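Just so we're clear, the structure is a prediction, and the values are computed from it rather than from any experiment.
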Amino acid sequence: NSFAQQEITLTTTVGNTTSSKSTIDLPALNGNPNAIIVATQIGTLNPHPIGAWYYNNKWNIFNITHAAMPIGATFKVQYFTRSGPSYFLHVIPAGGPLTVSRTYLNYPGLDGNQGAQVKIFQNHDPYTLNPNEAEARYDSTIGQWFIQNVNGMALKRNTGYNIVIGSGVTGTNPNTKTPIADATPKNPTPISPSSTTPTGNAGGDLNGNYPNPKVVGLNGNPLLNKSPSIGDTLRWNGTAWEPVTIISGDTARYNAGAGLSLNGPTFSAQNTAEIWNAKQIASRNIATTPPTIGQVLKWNGTEWAPADDNVSATSPTPPVQLIQTYFKRGNLNSFGQELTDSNPELNMTELSHTIVLNKKSRLVISVTIQVKGPTCVVVVACADGKGSLYFNINNVGVYYTSNMTITFPRKNFSVPFKFFASVEISNFMVDLNPGTHTINFFVSHDAGSSTIKPQGDYSSIMVIPLE
């Protein structure tokens, strides 16, 4: 087989199209997840941005918004059966920030090459789906090409794009925009100010002649011709707006009202007035009889009145023991160390718990991890990464009670090449006696399988008192 660029025309039909994707059925691409594929739509029947999706051992052209793919749409598909110097897969690192505003290609054939022909095409699954149309642009300040969303939305980590450079691509590239260095702003057209000055009589809220009329009203209401003093405000006197000086103690403008007194600009509460002292509870009168120490309000049939509390003193009811929950979140920004035959086990210390029990209690234990599959150079030689998730209590995997022996669970898993798996143990219950107990979580690697990388997601322990 030749590893040079090859080209076909794909037309969507009822037989090759399901939902948002249309399948490419070629021997050179079937069973080949490492192919590099780019495509350009011919015509305007499908108005959605597109990408490549390796699904069920075949490549598909799909709408990245997952909109339905119309029947009869035509695409020019260019493909390479493997990566090469000018066609390769670029993936935003999974261990970096959750989102980035742009991802730099940082590739020798592109760095410093503003005139390069660059085509990008999203590669979905096992990579993160970006539902936004993206573009490739050149940053002249650092001399590198980068990818960003056209609408300015952030890119997520583990998003992948097929990149094709140079003469291997023909036709117009809709995903490559004008380099930043060439985006020269247009000079604005100067506007000459009018040299015409208004003349004649002024009208409306103005009086006199232009160019020096006087304001004689506000919204059609007259303004009194009176010189103001510093600090004056305009006040409506019923006929016109008038400059008025605010005088301290100007009680003519304020009314203290019930329960208040006014001294100049200051209001005070009359705390002996009924407004500040409750006379009723739920519209029922309160007696004015002075209470003595220890008395309570009791309803005597007519009003609430102070009276002795005749409830006998008893020992307080012990509080009900509350359920406690312990929770830990793992490191979601990076996967842990690689597990191999020579390094077969990892203690997920970020998920461990030390719990002190004062009473016999029931523990409900849950844990979830993420496992990254192998990333072998040669896919056909890369077996699945296999292992198991398990935990122990007080460094032993078996708990003995007076009448039974409890073996803690072990969850086996298998992760294919370049895939991710979520592994969990949920709601395992065990009864423990009072004391200090340590719960540790482990990931082990099966001998002879490919390498795996675990990452702690979360662990939780619910403590339910049994006494």
Can you tell me how far [atom2] of [Y] sits from [atom1] of [X], rounded to the nearest 0.5 angstrom?
X: Trp145; Y: Tyr138; atom1: CH2; atom2: OH; result: 8.5 Å
X: Glu467; Y: Leu357; atom1: CD; atom2: CG; result: 10.5 Å
X: Gln337; Y: Thr451; atom1: CD; atom2: OG1; result: 12.5 Å
X: Leu29; Y: Trp59; atom1: CG; atom2: CH2; result: 8.5 Å
X: His437; Y: Thr354; atom1: NE2; atom2: OG1; result: 11.0 Å
X: Leu10; Y: Lys76; atom1: CG; atom2: NZ; result: 13.5 Å

Are there over 12 heavy-atom neighbours, none belonging to Tyr55, within less than 6.0 Å of that residue's OH?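 Count not over threshold, so no.
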Give a yes or no on whether Asn358 atom CG has more than 12 heavy-atom contacts from other residues, nucleotides or ligands under 6.0 Å away.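 No, the 6.0 Å shell around CG holds no more than 12 heavy atoms from other groups.
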For [X] versus [Y], what's the shortest heavy-atom pair and its separation?
X: Ser449; Y: Asp384; value: CB-O, 3.5 Å
X: His90; Y: Ile163; value: CB-CG1, 3.9 Å
X: Pro306; Y: Leu297; value: N-CD2, 3.9 Å
X: Thr368; Y: Leu351; value: O-CD1, 4.4 Å
X: Glu303; Y: Ala287; value: OE2-CB, 3.3 Å
X: Gly387; Y: Asp446; value: CA-OD1, 3.6 Å

Donor-acceptor contact below 3.5 Å, side chain [X] vs main chain [Y]:
X: Gln122; Y: Asn130; answer: yes
X: Thr141; Y: Asp139; answer: no
X: Asn440; Y: Ser352; answer: no

Kindly state each residue pair satisfying salt bridge (charged side-chain N to carboxylate O under 4.0 Å, His left out) with at least one member in [range], sequence neighbours excluded.
range: residues 20-31; value: Asp25-Lys58
range: residues 386-396; value: none
range: residues 144-166; value: none
range: residues 64-74; value: none

Holding to side chain to side chain donor-acceptor pair (under 3.5 Å), I want the full list of residues that pass it with Asp111, two or more places apart in sequence or in another chain.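 Here no residue qualifies.
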How would you list, by chain and number, every residue that makes a side chain to side chain donor-acceptor pair (under 3.5 Å) with Ser388, sequence neighbours excluded? Arg410, Ser444
Without hydrogens or angle criteria, can the side chains of [X] and [Y] be said to hold a donor-acceptor pair below 3.5 Å?
X: Asp457; Y: Gln370; answer: yes
X: Asn394; Y: Thr438; answer: no
X: Glu338; Y: Asn343; answer: no
X: Asn63; Y: Ser20; answer: no

My understanding is that only one of Asn60, Asn16, Asn46, Thr12 makes a side-chain hydrogen bond (donor to acceptor under 3.5 Å, both in side chains) with Ser22; could you say which?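 Checked Asn60, Asn16, Asn46, Thr12 against Ser22; only one passes side-chain hydrogen bond (donor to acceptor under 3.5 Å, both in side chains): Asn16.
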Arg284 meets the salt bridge (Lys or Arg N to Asp or Glu O under 4.0 Å) criterion, sequence neighbours left out, with none
Quick one: does [X]'s side chain get under 4.5 Å of [Y]'s, heavy atoms only?
X: Ile425; Y: Ile365; answer: no
X: Thr159; Y: Thr103; answer: no
X: Val77; Y: Phe121; answer: no

Residues in side chain to side chain contact (heavy atoms under 4.5 Å, CB included) contact with [X], at least two apart in sequence or another chain:
X: Asn158; value: Val91, Ala94, Tyr127, Thr128, Phe420
X: Phe327; value: Arg329, Tyr458, Ser460
X: Ser268; value: Ser261, Thr266
X: Thr74; value: Thr9, Thr11, Ile42

With side chain to side chain contact (heavy atoms under 4.5 Å, CB included) as the test, would you mind laying out the steps for Ile147 and Leu105 before giving the verdict? CA-CA 8 Å; Ile147 297 173; Leu105 299 182; 3.8 Å; yes
Quick check on ring-ring contact (aromatic ring centres under 6.0 Å, His included): which of Tyr87, Phe146, Tyr161, Phe88 does Tyr107 satisfy it with?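 It is Phe88, the one option of Tyr87, Phe146, Tyr161, Phe88 that forms the ring-ring contact (aromatic ring centres under 6.0 Å, His included) with Tyr107.
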Trace of the side chain to side chain contact (heavy atoms under 4.5 Å, CB included) decision for Arg82 with Asn34: CA-CA 6 Å; Arg82 67 174 185 181; Asn34 296 318; 5.5 Å; no
Between Phe441 and Ile369, is the side chain to side chain contact (heavy atoms under 4.5 Å, CB included) condition met? List the steps. CA-CA 10 Å; Phe441 301 92; Ile369 65 169; over 6 Å; no
May I have the step-by-step check of side chain to side chain contact (heavy atoms under 4.5 Å, CB included) for Val443 and Phe413, ending in yes or no? CA-CA 10 Å; Val443 179; Phe413 59 81; 4.0 Å; yes
For residues 286-297, pull every pair meeting side chain to side chain donor-acceptor pair (under 3.5 Å), keeping only residues two or more places apart or in separate chains.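 Sorted pair list: Thr292-Gln295, Gln295-Asp308.
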Mind telling me whether Phe408 and Phe391 have parallel, tilted or perpendicular rings, with 30° and 60° as the class edges?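 Answer is parallel, since the angle falls under 30°.
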